[in-house]
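Below: the structure, in C-alpha cells.
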Amino acid sequence: MADDTEELTAVTDSAVEVAVFAPLRQNFSYRCPVPAPALGVRVRVPFGRGQRIGIVVGFGPTPEGTSLKEIDAVIDPEPLLSPALQSLLHFGSAYYQHPLGEVWATALPSLLCRGRPLPGTDDPLYLCNAAAIHSSARLGPRQRALLQLLQQSGPLRRQDLPATLRPALPGLLARDILRAEAAPPPLLAVQSSPHALHAEQREAVAALHAAHGFSVFLLDGVTGSGKTEVYLEAARPHLEAGRQVLFLVPEIGLTPQLLGRCRSRFGAAVVAAYHSGQSEAQRLRVWHGARSGQLRVIVGTRSALFLPLARPGLIVVDEEHDPSFKQQSGWLYSARDLAIRRAQLESIPIVLGSATPSLESLQNAYSGKYRHLQLRQRATAMSLPPMTILPMRRRLLQAGLSIELLKACGQTLEAGHQVLLFLNRRGYAPALLCHDCGTVLFCPRCSAPLTWHRRPQRLRCHHCGHEATHPGHCPQCASVDLRAVGAGTEQLEDYLQQRFPEVPVLRIDRDCVTHAGQLESLLARVHSAGPAILVGTQMLAKGHHFPRVTLVGIVHVDQSLFSADFRATERLAQTVLQVAGRAGRGNEPGRVLLQSHVPEHPLLALLQAGDYGAIAQHLLEERRSAQLPPFRALALLRAEAHRPERVQAFLEAVAGQAPAELEISGPFPSLLERRAGFHRAELWLEAADRTQLQRALKHWLREVGKQPEGRRVRWVVDVDPLNF
Ligand code: ADP
Ligand code: ZN
Ligand code: ZN
C-alpha cells in the first residue's frame with residue numbers, strides 16, 4: 001500500500017517548488033527526487049550559473065513543455081520548522097506581499113541560510129556503559145583511551161575528539177558502549193515572586209492561568225504597575241508543565257533587564273537571549289536550544305518570533321505599542337502582529353503588555369476581540385508623577401532650557417536625586433543657519449537640513465548618513481557667520497556640564513551607544529551614581545528602571561503636535577507618558593516638567609491629566625472620523641527614483657489599474673521627499689478591512705510587477721505602515 005501511494009505522488013507531483021533565499025517574487029521548480037523531500041527542508045539547487053540554497057515549499061506537476069533541472073542536494077534530514085511555524089511564514093509572505101524565499105531567510109539564523117548543517121546532528125557523546133572500561137578485554141587500546149577521556153572530561157562533541165582517537169568511535173557506538181544524544185535538559189529552578197501581588201495583578205494572573213488555547217490578552221498597566229511580575233507569574237505554570245515561554249521586547253537594550261529577572265526566577269541554564277547583537281554562532285546555538293526544548297525561556301527582539309519551540313506555551317510581547325516591532329527594511333512585517341498569528345497557529349495564549357497600548361490593540365480590547373486586563377496603580381507606594389506644563393513663549397532659553405526647568409534641576413540634584421532630560425534630537429544642533437542671508441545648510445542628497453555634531457566636528461545627515469566638514473562660510477553669500485539653531489542632546493550635555501560641574505552628565509543616544517554592552521555599562525553607571533543628570537533620546541524613554549530619578553524634563557515635543565504623520569500624536573502621547581513614567585520609581589515621589597510653546601494645545605491638557613485611556617479614546621475618535629486605521633486597512637505603495645517624473649509616471653500608471661475594492665489616493669510626495677538622491681512618492685491604498693486589502697493587493701501587485709515603468713523605479717509595498 002505504502003509503495004503504491006509513493007508511486008502515485010511521484011507521478012502527479014513530479015516537480016518540487018523551491019523558494020530560494022533571494023529577493024525574487026517567484027518560486028522555482030525542480031525535478032522531484034525520490035524519495036521526495038519533506039516540506040520545509042533546505043535544498044541546494046542549480047540557479048543561473050551557480051548554486052543557491054532554498055526551502056522546499058510545495059509540490060506540483062511539471063509545467064508543460066519544460067524539462068526540469070535536478071536538485072543538487074537535500075541538506076536536511078527533517079524539516080527545520082514545525083508545520084505551524086511554516087504556516088506562519090507562508091502567511092507572513094502573503095499578508096505583507098513579500099517573496100517567500102526572503103521571508104524564510106529573515107526567519108532563519110544566517111548560518112542556516114548559508115548551508116550550515118542542522119545542529120543536533122553532532123550531539124555530544126555520552127558514555128553510557130562505563131563498566132565496559134574495566135571489564136572487557138575486547139576493547140582496543142584506542143577505544144580504551146577514548147572511554148577514559150570521556151570518563152574524565154564528560155560529554156564531548158565529535159569535532160572536539162583528538163584525531164587519533166576518532167577511528168575508535170564507530171565500534172563503540174555500534175556496541176552501544178557510547179551514545180550520542182542531546183544533553184539532558186537542564187532543570188528549572190522556579191522561585192516564587194518576591195512580592196505579594198496586589199489585587200489587580202492577581203486578577204490578571206488568574207485570567208492568564210485560566211486561558212486555554214488561543215486567546216489574546218492586552219495587559220494595560222501604567223508605568224511601574226508591575227506588568228513584568230504578571231508576565232513571570234503567568235509563565236510559571238507553563239514552565240512547570242514542561243512548556244516554553246517566548247518574550248519579545250522592542251529593543252536589544254531592554255533584553256538584559258528582563259533576562260535578569262527571568263534568570264533569577266527560573267534558573268539561568270534554561271533562559272537565553274536572542275538578538276542581533278549576538279554572534280551568528282551564538283544565535284544558532286539558541287535557535288537549536290529552543291528547537292530541542294533545552295531552553296525554556298527566550299527573551300528576544302523581533303526575529304526571536306521565528307524561533308522554533310519544541311513545546312510552546314505562552315508568548316509575551318512587552319511594550320507592544322513600540323514601532324520598533326515593525327521591520328523597516330526588506331520584509332516589512334510587524335513582529336507583534338505576526339506573534340498574534342503565531343499564537344493562533346500554535347493554539348496558545350499571548351499577552352500584549354504596555355502602559356500606553358497602541359490604538360490598534362486598544363480598539364481590539366474595547367471591541368472584545370482581546371481580553372482587557374488593567375493595572376491602574378503603581379505597584380509600589382509611589383503614585384504616578386504629576387506633570388506641569390512650562391510655557392516657553394517669550395522666555396529666555398539656555399540650550400533650549402527655561403529658567404524654571406534649570407531651577408528644578410538644581411533643586412533635584414541638591415536633594416541628592418537624579419534628573420532625566422528627554423530630547424529626541426541627536427547632535428549639537430539640528431541645523432546651521434547663515435545669519436546674514438538666512439541660508440540653511442541642507443544635505444545635498446536629501447530634502448532635510450544637516451545636523452551639526454561637535455564630537456567629532458561634523459555635519460551629518462540623519463537620513464542618508466552623508467557627512468561633511470564645517471564649510472567655514474556660507475555657500476550662498478560667503479559670510480562666516482554660520483550659527484547653530486536649536487539644540488540637540490550634545491548641546492544639552494555641554495551646557496549642563498558647564499552649569500552643574502559637580503555632577504556627572506550622562507548622555508544616552510545612538511551616537512554614544514552603538515551596541516548593547518555600552519548601554520548596559522551606562523545604565524550601571526546611572527544606578528551606582530549619586531546625583532546625576534541623564535540626557536537622552538527615545539532610547540531613555542523605553543521601559544528602563546531608574547529608581548533615583550525624581551525629575552523628568554521633557555525639553556521639546558512641539559513639532560509632533562503639528563506633524564503631517566497621522567500617528568504623530570499617538571506617538572507623542574506614548575513617548576511623553578513613557579518618559580514621565582521613569583520618574584519616581586524608587587522611594588521618592590517624582591515630578592515631570594514639559595516645556596511647550598503651545599501650552600494651550602488640547603492634547604497637552606490631556607497628557608497633563610496623565611490618563612492615557614482618555615487620550616486614546618480622543619485619538620480613536622479622530623481616527624474614526626478621518627477613516628484611518630484601525631478603522632480602515634491601509635497599505636502604501638512607495639516608489640523612488642533619481643528622476644521624479646519616473647516615480648510619478650509609474651504611480652499614476654499603476655493607480656489606474658487598481659481593482660475596485662481598493663480605494664486609491666495619491667501619488668503624494670513622501671514626508672521626506674528626497675532621500676539619498678532618490679525622489680520619493682507614494683500611493684495610499686485603503687480597504688474596508690485587512691482581509692479585503694490583502695486579497696485586492698495580491699491580484700493588483702501581479703499587474704504592478706508587469707508595468708514597464710516599474711523597471712525604472714524602486715518600489716515596495718508597506719502593509720499596515722507605521723513610518724511615513
Ligand atoms: P512594569 O513592568 O509595569 O513597569 P514592574 O513589574 O517592573 O512594572 O514593577 C515595577 C517595580 O515594582 C519593580 O521594582 C517591581 O519589583 C515592583 N513590584 C512589582 N509588583 C510588586 C508588588 N506586588 N509589590 C511590591 N512591589 C512590586
Ligand atoms: Zn549666507
Ligand atoms: Zn541625506
Side-chain angles (χ1 to χ4, degrees), residues 191-205 219-235 247 249 254 257-258 260-262 264-265 316-320 351-357 373-384 431-451 458-468 471-483 527 541-548 577-578 580-587 612 672-680:
Q191 307 275 319
S192 51
S193 172
H195 306 290
L197 297 188
H198 59 74
E200 286 181 326
Q201 281 176 319
R202 281 202 306 273
E203 236 173 88
V205 168
L219 181 61
D220 175 4
V222 299
T223 51
S225 57
K227 292 182 292 296
T228 311
E229 282 305 315
V230 172
Y231 303 148
L232 298 177
E233 276 305 295
F247 286 95
V249 293
L254 290 174
Q257 185 174 301
L258 187 54
R261 279 168 83 169
C262 287
S264 61
R265 287 290 281 282
V316 176
V317 182
D318 193 22
E319 309 290 353
E320 69 88 29
V351 192
L352 312 178
S354 174
T356 53
L373 307 173
Q374 284 178 285
L375 309 178
R376 297 174 186 85
Q377 310 266 297
R378 280 203 160 167
T380 54
M382 287 305 145
S383 50
L384 282 170
L432 280 187
L433 171 84
C434 169
H435 196 59
D436 285 338
C437 77
T439 296
V440 171
L441 298 187
F442 262 62
C443 173
R445 311 187 323 141
C446 303
S447 44
L450 291 164
T451 301
R458 271 262 184 274
L459 279 163
R460 260 196 230 145
C461 175
H462 287 186
H463 301 283
C464 73
H466 173 83
E467 287 203 14
H473 54 80
C474 170
Q476 288 299 323
C477 75
S479 159
V480 291
D481 195 359
L482 290 175
R483 298 191 183 177
H527 289 302
K542 310 198 174 188
H544 298 291
H545 193 54
F546 299 115
R548 295 185 197 199
L577 291 181
Q578 291 284 348
R582 301 310 114 208
R585 291 173 71 95
N587 303 321
Y612 182 74
L672 184 67
E673 218 177 315
R674 206 158 66 90
R675 188 174 66 192
F678 283 84
H679 288 267
R680 313 160 74 224

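All ligand and atom numbering here is 1-based and tracks the order in the structure.
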Donor-acceptor pair, side chain of Arg445 and main chain of Arg674, under 3.5 angstrom: no
Heavy-atom nearest neighbour in the protein, as seen from atom 11 (C) of ligand 1, with distance rounded to 0.1 Å: His545 CE1, 4.4 Å
Ionic contact status for Glu229 with Arg261, cut-off 4.0 Å: yes
Vertex the Zn ion (ligand 2), arms to Cys477 SG and Cys434 SG, rounded to 10°: 110°
Side-chain donor-acceptor pair present, Arg585, His545, cut-off under 3.5 Å: yes
Short N/O/S contact of Cys446 with the Zn ion (ligand 3) (below 2.8 Å): yes
Nearest non-hydrogen protein atom, atom 2 (O) of ligand 1: Thr228 OG1, 2.7 Å
Arg265/Glu233 salt bridge by N-O under 4.0 Å criterion: yes
Atoms of ligand 1, numbered as shown, that sit under 4.0 Å from any heavy atom of Glu229: 6 (O), 19 (C), 20 (N)
Selection from Gly581, Gly226, Gly221 by shortest heavy-atom distance to atom 5 (P) of ligand 1: Gly226
Pair Arg458-Thr451, side-chain donor/acceptor within less than 3.5 Å: no
Cys437 near the Zn ion (ligand 2): N/O/S under 2.8 Å: yes
Distance-only N or O hit between ligand 1 and Lys227, under 3.5 Å: yes
The Zn ion (ligand 3) contact by His462, N, O or S atom under 2.8 Å: no
Part of Arg585 within contact of ligand 1 (heavy atoms, under 4.0 Å): side chain
Nearest neighbour in protein (non-hydrogen) for atom 22 (C) of ligand 1: His195 CB, 3.4 Å
Ligand 1 N/O within reach of Gln201 N/O, cut-off under 3.5 Å: yes
Heavy-atom proximity to atom 10 (C) of ligand 1, best of Gly224, Gly353, Ala196, Ser193: Gly224
Protein contact of atom 7 (O) of ligand 1 - nearest heavy atom, named by residue and atom, plus distance: Arg261 NH1, 2.8 Å
